[in-house]
Each structure stands twice: as structure tokens, then as C-alpha cells.
Asks: 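After the C-alpha cells below, expect a handful of questions from me.
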Amino acid sequence: MAGLKRRDILLGATGLGAAALAGPLRGVANATPKPDFKLQSQMTSYAFGDRPLTDGLFSTVAGGPPPVIRLKQNVEATLRLENGLKDHTTMHWHGIRLPNEMDGVPYLTQMPVATGKTFDYTFTPPDAGTQWYHPHCATMQQMANGLTGFLIVDEAEDQGFDADIAINLKDFRIGEDGSLRPFFTPRGASRGGTLGNVITANWREASVQEAPSGGLARVRILNSDVTRIHRLALPNLPGRIIAWDGQPVDEDIPWPTREEPLLLGPGQRLDVVFRMPDDEGVDTFIESRISGSYRTIDTIRTVGGSSLKRNIAVVRPLPRNPIAEPVLAEAETREMIFGWSPGGEGSNNGLCGTYGFTFWSIDRNPWPGDAVEGVGPVAVLEQGKSYVLRLRNESPNAHPIHLHGLVFKPIRSDQRRLPANYTDTLLLLKGETVDIALRADNPGNWAFHCHIIEHQKTGLSGYIQVV
């Protein structure tokens, strides 16, 4: 653990939260003016269709999913986390390039936030796009039980869409009695992950969104699930994919169909613009292949009477974000191996929960846990330099690999064509090797892990250090 010291960990174990311990991390309650957003993590209840009301769900509001947070590009914001849960927590802002101390990774960048304590996350998002937020402490339970939400950073100028629709794809595991079943199972963790049996969009099994007839609808799809890799098929409408994992596309992505679906792994996002049908009351279906057949995961319905008669040809590419391009001719190549490592001891995650199993590794070394001292980075990169990271998957399963604090561009795969679009999360297929390029322009210790959370918590995790 290269972040905080053992003294801090021991203090944290006495019940002092991040507000008392963080000091220079700016985590002291009331140390900043009134926050722009206040998130109170809490237990809530919710009815899934005709299922009994389920206790044990986590959200930041009562009786429903966490809200969509909207920030403005290049405008500083303070988001105050108030921990109303019985367990410690933190909040990570997935996809945001921010100062390392605001990244929300326990022990690496901050102490876990204790029950009843607060932590102020203050940052200025340099990039517009579709991002999201979720805990990084007690991650398995808190995310699986619902604590995931959109974090949208609006472009400096309005892009002229007639609707902006956010679709958060999330599974739940619910028993016949309405109780939440554990998402972590040793069998699932050692394979592709434990799947849910209630598949929702925005916590609804039959989610319906609305868009103006004949209008241009920007649809943001987030896979915030802890396990499921969606195989998306989009409707046969005039449309265009305009962003991938929060970044405007540089190379076109083929329109997903049932014959050639688009893989959207946990942590990934897709922005699409649809030209909606002219008639009112027409349903458009977004589908995913689940258990061998396609099913509707969200419906967009036209409303508003007369058609807006918009022309999709007027849709411009989204403004590029200020990303420093890697210089491939000067780039140094580093190889990383993602492997299966059964039979090891469980990790020590300190105040953030621990599982007694190790199944996965990076470079043959399973992550020993967030709270273990003396653990070095999987790579040390020099600030400002360009690198090619060769990601080699020698395991029997796919892994959505997420890098905090930086973005990268896939440049080649030995199995498929990958559009060279910037991303922070790459779905690495079974047996695949992918080269990604990046400029190491954000100093700090940046978590680097699989976003199938059972894999992350059983060894497939580490961090990259930029110095």
C-alpha cells in the first residue's frame, strides 16, 4: 500500500472517519463552502414490479436509484459524501481525470469514511462526457445493492439535442421472499462472475423513456453492473454513436445489431443519438442478448403530437476533450499479464471488507488487499512520457480493465479490430492481447483493476504510479 501509512489505518480502525484523518486530502467537513451536490449514502427500500418490497438496497436518496449528477466542463464542483450506512465507504468518480487525492480509493488516496462522517470531493472536470460514480470501499455489497449513478459533465456549449436520456443497466439478485441474495459467490468469483436474476434499467424491469416525435435524442447507456457483459443491439433507426466511455469518438463504431452486437462490459458507457419516429406513441427498443436470446432492456417512446422533423445530418461530432496525445514513435512498451491464480489466501482490505479467496492476478501476483503495506505498483510511469501497455489475458474469462485518472487509446488487438477511441475501460477478451497507448500526464497512484467486482476483490487489481 503506497498511499496512507499504517498509523492512519490504525486510527481509522478506532472509528475516526476520513473527515478526521485526511488532513491535506481536504476531507474535513465544513472545510469548504456549501457543496454543489450532497450525496448521503443510505439504506432504502424499493419494489421491483410485483415482488415484495425489498430491504437492504443502497442509494443516495430514499425509495429510488441514485440521482443523475450533472457538472459543467471546466467548472469546479464540490460533492459532499455523507456516510449513512453501517459500513465504511468512499466514492469514486469513474472516468473523471482529477487530482489523485479526490479519486476515492481507500488507503491508496484516502481513508475510508466512517458511519456518520463526511468527505468533500472537490475537482474541476476537464472533459465533457458520460461518467459515473460508485463506492470503492465495501464495493461488492454496496454496488451490488444499488449504489451506482450517472455523473454527466455537460459540454461548454449546448449540443442541440431534443432529449437527453440516461439508462443505467444494473442487475439485482432477489430471492422469492424479496430479500437480496449475496452477489459474491466463490464459484462465480472464480469464473465469469455471479449474475443477477432481476435485470433492470434505472431500477425498472420494464423501463420506458420519452423523447419528442421526430426529435434528436441523445441516449447515454451505462453498464454499472458488477458482473454482466451486455451484448447490445440498437433499433433500426437513423442514428449514430457519438461517444464511447465518456469520450467523443474519433473512429466510427459499427451500429450494433442482433447479428453483430456491441459488447458493453461493467464500467463502460455508450452515447448514441437517435432520430426518433415522426408519429406519437411509437416504441423503440434497446435490446441485449441474455441467456441466448434477445430481450428488451429499455424502451424509448415518442411523445408530443406533431413531429419536430429534425434531420440527423445536422448532428455534429462532439467537441474533443483536451487529451494529450501519446507519441507512439517515442513510446516505451510495458507488458502486463492478467491471469488465473486459484487457491491463494484472501486479501486484506482493512475497514472495507475482506473475502477469503484469491482467484486472479496481474503479472502472476494477486492483489493482497487495499490495507496491506509495502505493495508496489504494477508499473511506474514518468510524467509526460508516452507508453504502450501490452495487456495480455492468459485467463479463461473476459475482463473489463479500468484505469483511474488517465485515459488511453487501443491501437491493436490480436483477435479483432478495435476503433482507436479514447477510453478508461477496455473489455479484454479471453486469450486476447491488446496494446493501448497513453500519455502519463496525471501524477499519482492510480488504481488499475478488473471491473467485474468479484475478480477485483479476489486478486485482479493493482495500481499504476505516475511520478
Asks: Compare every heavy atom of Thr302 with every heavy atom of Ser213, then report the nearest pair and how far apart it is.
Replies: OG-CB, 3.5 Å
Asks: Between Ser386 and Leu328, does a side-chain contact (heavy atoms from CB on, under 4.5 Å) hold up when you go through it step by step?
Replies: CA-CA 7 Å; Ser386 298; Leu328 293 182; over 6 Å; no
Asks: Taking atom CG of Asn311 as the centre, report whether more than 12 heavy atoms of other residues, nucleotides or ligands fall under 6.0 Å from it.
Replies: yes
Asks: Salt-bridged, Arg320 to Glu325, with N to O below 4.0 Å?
Replies: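 Looking at Arg320 and Glu325, the cut-off is met.
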Asks: Is it true that Arg316 and Glu155 make a salt bridge, defined as a side-chain N closer than 4.0 Å to a carboxylate O?
Replies: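 Salt bridge between Arg316 and Glu155, a charged N being under 4.0 Å from a carboxylate O: no.
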Asks: For side-chain contact (heavy atoms from CB on, under 4.5 Å), just list the numbers for Glu432 and Asp414, CA-CA rounded to whole Å, side-chain angles, deciding distance to a tenth of an Å, and then say yes or no.
Replies: CA-CA 6 Å; Glu432 183 180 34; Asp414 64 352; 3.7 Å; yes
Asks: Within a reach of under 6.0 Å around CZ of Arg70, are more than 12 heavy atoms found that belong to other residues, nucleotides or ligands?
Replies: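 Yes, enclosed.
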Asks: Taking ring-ring contact (aromatic ring centres under 6.0 Å, His included) as the criterion, tell me which of His451, His94, His449 meets it with His404.
Replies: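 Result for ring-ring contact (aromatic ring centres under 6.0 Å, His included) with His404: His449.
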Asks: Whether the side chain of His399 engages the backbone of Lys430 through a donor-acceptor N/O pair (distance < 3.5 Å, no angle test) should be reported.
Replies: no
Asks: Does Lys170 make a cation-pi contact with Phe48, if we ask for NZ or CZ under 6.0 Å from the ring centre and within 45° of the axis?
Replies: no
Asks: Quiz question: by atom type and distance under 3.5 Å, do the side chains of Thr185 and Thr194 form a donor-acceptor pair?
Replies: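 The answer is yes; a qualifying pair exists.
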Asks: Distance only, no hydrogens: is a donor on one side chain within 3.5 Å (strictly under) of an acceptor on the other, for Thr109 and Asn100?
Replies: no
Asks: Do Asp225 and Thr227 have side-chain N/O donor and acceptor atoms under 3.5 Å apart?
Replies: no
Asks: Name the one of His92, His136, Arg97 that satisfies side-chain hydrogen bond (donor to acceptor under 3.5 Å, both in side chains) with Asp103?
Replies: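 Answer to the side-chain hydrogen bond (donor to acceptor under 3.5 Å, both in side chains) test with Asp103 among His92, His136, Arg97: His92.
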Asks: So, Lys72 and Asp154, do they make that salt bridge, N to O below 4.0 Å?
Replies: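 Looking at Asp154 together with Lys72, the answer is no, because their closest N to O distance does not fall below 4.0 Å.
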